[in-house]
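The next block holds one structure in the form of structure tokens; read it before the comments.
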Amino acid sequence: MSETIIEKVKLQLTDALLKALKTAQEKGELTEAADVSVNIEQPRDKNHGDYSSNLAMVLARGQKKAPRMVADTLIRCLDTSGTCISRCEVAGAGFINFYLDKSWLYPVIAAIQAQGGAYGKSDMGKGKKYMVEFVSANPTGPMHMGNARGGALGDCLAELLRWAGYDVTREFYVNDAGNQIEKFANSLEARYLQIYLGEDAVAFPEDGYQGADITQHAGDFAQIYKDKYVGTDTAERKEALVRYALEKNVAALKKDLGTYRINFDVWFRESSLYESGEVAQTIEIFKNNGHTYEKDGALWFRATDFGEEKDEVLIRANGIPTYFAADVAYHRNKILARGFDKVIDIWGADHYGHVARMKGALKAVGIDPEKLDVIIVQLVRLISAGEVVRMSKRTGKAVTLNDLLDEVSIDAARFFFNLRQSDSHLDFDLDLAVEQSSENPVYYVQYAHARICSILALLESEGVSVPDAAHLRLDLLGEPQELELLAKLAELPDEVKAAALSYEPCRLTRYCIDLAALFHSFYTACRVRCEDKDLTAVRLKLCDCVRMVLANVLAMLSITAPERM
RNA sequence: GUGCCUGUAGCUCAGUUGGAUAGAGCAACUGCCUUCUAAGCAGUAGGUCCUGGGUUCGAAUCCCCGCAGGCACGCCA
């Protein structure tokens, strides 16, 4: 895949400007300029042309001339022959505005026809191995709103990166070791023993998990094994309970995420890092590199040597490595053992403080911290009837992913969670998300797709099918609505690249809202089915291209593209 | 207290990495269906870009003093 239509035209404009500069210098009208970088941008205001450049303003200082004079000179020396430039002028403080011949956009039709469901893809990533690790909810219970947002974000980001030419792996990190599993075990044990010894006879741990799911697991376990584990020693009992409940929970996570249209390539177990000895090995590296010391019976990492405010414990006084130690081992595994070029972690805002520590630790064990990018997802506020929802009515606990999907369609959830940048707080309006109206952006976009399908079906029933791009009178496309649609269609490949580079799937939702808006305008202004057969044909083709592009973007977001609504 | 993030229309948010008269959607108001889906379109109105300095041809954007809100600072994960 070579450069996109937009990249081509920018190159053409850049080239023309540089030649004009050279010509002006040869004629002695402008002096030599050091390292000129030509910036071509799309003006906000359509009256300012299709593209514009600030070159004259950048040059002005070195030339000791007014920007507008430099611009005048450049335009006079500009050779537009063989380009798509139809007109250019000086405007504002010294901008050079380019007005292009409308035909520059026509090739997008053939491009979309040729690439179809792959239109928008690029090889920018050159097949580099990227991992997106996301959700990674504690397997001790169900998923909450943060997981729901992180899930939608991570999944769409992974897909976006794939479209941009990266080799992407989706991974879920199962925290099945360490402290919180210990808590999980103690809670299960207490509930189990309470069944046989009575609630008063067995104290429930202070910091235990209170949830009904724990009691449920203990009950189910008792159904199968009866009182077999009442008399055994506590370690054996807890191990059996955890093995049972954990697998149930992981299976439930898989199922719930699958329903949410998220399928992970790898479910990576924290416990495997202990079994393989990688945690111990990682701690050895810290020691060998001279970044550790012992204090109060614990082994510390001298994080302050890496710009941190505090040192970190690697091994507790009780001999158990910290989550932090295991996490460093995990990232060594990702980057060294499995050779990912880039590891992207999606964490909740409450893990913010962990980012710098993690990067410092990677440096300490000899890994380039640049290999790790962390995306922080801000927490979600649910809004219902204009008020903040804090608790789930059903469980009395935090609202879970399943609670949300009871209220809202999967399409709406995935769309809404990708509407905003991840680092901004998100208000999720439950009433809006279920509303079937123009206020709801998901429906707005899907409606555009359905409308197009409806036109295609109508004309098809009259014997008019979508024509081949080669047999079209493309020059009949000239209405502003038509040209703007073409321009937006042409942007997709560039938009995918930009979104992938900045890790912002929200650019895709915005893109398809924009595209849908342009289509709706076109629909009102231009009739597809009309007297002129050639015009019908070319507009029908345009509709089909919009349909294809909407479908492609929605596919990237794993949102359905209905044919009728 | 220390560090990080955020502050843009009544509300929710964009703002092309320093560019032109700061933009959308919702809410408000005015119009548009005998013709391809009105779940739509066209238009009007709405601003101290948190305050105050600085950098320069030019600042919502970059730098400093404040103000307000959020988060993080455990031998938790």
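Within every chain, numbering begins at 1; the chains are lettered A, B, ... in the order of the sequence lines, protein sequences first and strands thereafter. Side chains included, hydrogens not; waters and symmetry mates left out as well; all remaining heavy atoms used.
- Note on Gln421(A): only backbone sugar-phosphate atoms sit closer than 4.0 angstrom, heavy atoms only; bases stay farther off.
- Residues Gln42(A) and Arg451(A) both approach RNA chain B. Their nearest nucleotides, taken by heavy-atom distance, put Gln42(A) toward the 5′ side.
- Side chain of Arg527(A), nearest nucleotide from C41(B), U37(B), U35(B): U35(B).
- Atom CG of Asn418(A) and atom C1' of A14(B) are 16 Å apart (whole Å).
- The separation of G58(B) from A42(B), taken at their P atoms, amounts to 38 Å, rounded to a whole angstrom.
- Arg510(A) comes within contact range of the sugar-phosphate backbone alone, with a heavy-atom separation under 4.0 Å but no base atom that close.
- Taking the P atoms as reference points, C63(B) lies 29 Å from A24(B), given to the whole Å.
- Side-chain contact annotation: Asp373(A) with Tyr503(A), donor-acceptor N/O pair under 3.5 Å present.
- Nucleic acid contact for Ser454(A): base, since at least one base atom lies under 4.0 Å from a heavy atom of the residue.
- Between C32(B) and Thr524(A), no contact under 4.0 Å exists linking OP1 or OP2 to a side-chain N or O.
- A donor atom on one side chain and an acceptor atom on the other are not found under 3.5 Å apart for Gln180(A) and Asn175(A).
- Nucleotides G15(B) and A20(B) are separated by 14 Å at their C1' atoms, to the nearest Å.
- Distance, Ile452(A) CD1 to C36(B) C1': 12 Å, rounded to whole Å.
- Using C1' as the reference atom, C13(B) and A60(B) are 14 Å apart when rounded to the nearest Å.
- At the heavy-atom level, Cys453(A) lies nowhere under 4.0 Å from the strands shown.
- Rounded to whole Å, the P atom of A22(B) lies 16 Å from the corresponding atom of U44(B).
- For Phe301(A) and Phe306(A), the ring centers sit closer than 6.0 Å to each other.
- Under the Watson-Crick and G-U wobble criteria, each requiring two contacts below 3.5 Å, nucleotide A42(B) is paired to U30(B).
- If you take CD of Glu308(A) and P of U2(B), they are 18 Å apart, rounded to a whole angstrom.
- For the residue pair Gln63(A)/Thr31(A), the side-chain donor-acceptor check at 3.5 Å is satisfied.
- C36(B) is unpaired under the criterion used here, namely a Watson-Crick or G-U wobble arrangement in which both key atom distances are under 3.5 Å.
- Side-chain atoms of Asn47(A) stay outside donor-acceptor range of the base of A20(B), with no qualifying N/O pair under 3.5 Å.
- Side-chain proximity of Met57(A) to G19(B), U16(B), C13(B): nearest is G19(B).
- With respect to the salt-bridge test (charged N to carboxylate O, under 4.0 angstrom), the residues Arg269(A) and Glu275(A) do not qualify.
- C33(B) adopts a syn glycosidic conformation, its chi angle falling within 90° of 0.
- U2(B) is paired with A72(B) under the criterion used here, namely a Watson-Crick or G-U wobble arrangement in which both key atom distances are under 3.5 Å.
- Residues Tyr330(A) and Tyr173(A) place their aromatic rings such that the two centres sit under 6.0 Å apart.
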- Message: As a quick check of understanding, evaluate ring-ring contact (aromatic ring centres under 6.0 Å, His included) for His520(A) and Tyr447(A), giving each step before the final call.
- Response: CA-CA 9 Å; His520(A) 289 309; Tyr447(A) 181 56; 5.5 Å; yes

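- To the nearest whole angstrom, the two C1' atoms, one in G54(B) and one in A59(B), are 11 Å apart.
- If you find the closest nucleotide of RNA chain B to Asn97(A) and to His520(A), the one lying nearer the 5' end belongs to Asn97(A).
- Side chains of Asp327(A) and His354(A): a donor-acceptor N/O pair is present below 3.5 angstrom, by distance only.
- Distances from the side chain of Arg529(A) to the nucleotides C13(B), G19(B), U35(B) place U35(B) closest.
- Using a 4.0 Å heavy-atom criterion, one finds that Ala498(A) contacts no nucleic acid atom at all.
- Nucleic acid contact class of Glu563(A) (heavy atoms, under 4.0 Å, all strands): base.
- On the P atoms, G74(B) is 33 Å away from U12(B), given to the nearest whole Å.
- For A28(B) and A45(B), the C1' atoms lie 8 Å apart once the distance is rounded to whole Å.
- Nucleotide A60(B) forms no Watson-Crick or G-U wobble pair with any nucleotide shown, as no partner meets the under 3.5 Å limit on both distances.
- Between Leu550(A) atom CG and U37(B) atom P there is a gap of 17 Å when expressed in whole angstrom units.
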Donor-acceptor contacts, no H, no angles, side chain residues 453-463 of chain A, under 3.5 Å, sequence neighbours left out:
from	atom 1	to	atom 2	distance (Å)
Ser461(A)	OG	Leu458(A)	O	2.5
Glu462(A)	OE1	Arg529(A)	NE	3.1
Glu462(A)	OE2	Arg529(A)	NE	3.0
Glu462(A)	OE2	Arg529(A)	NH2	2.9

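- Spacing between atom CD1 of Ile96(A) and atom P of G19(B) amounts to 17 Å, rounded to whole angstrom units.
- Glycosidic conformation, U17(B): syn, with the torsion inside 90° of 0.
- Using a cutoff of 4.0 Å between basic side-chain nitrogens and carboxylate oxygens, Lys287(A) and Glu284(A) are scored as salt-bridged.
- Rounded to whole angstrom, the span from the CD atom of Gln446(A) across to the C1' atom of U37(B) amounts to 15 Å.
- Residue Ala450(A) is in base contact, counting any heavy-atom pair closer than 4.0 Å across all strands shown.
- Per the geometry, CG belonging to Leu515(A) stands 21 Å off P belonging to A14(B), to the nearest Å.
- A straight line from NE2 of His48(A) to P of U16(B) spans 17 Å, rounded to a whole angstrom.
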- Message: One character per nucleotide, please: for nucleotides 72-77 of chain B, 5' to 3', B when the base has a protein heavy atom closer than 4.0 Å, S when only the sugar-phosphate does, - otherwise.
- Response: SSSBSB

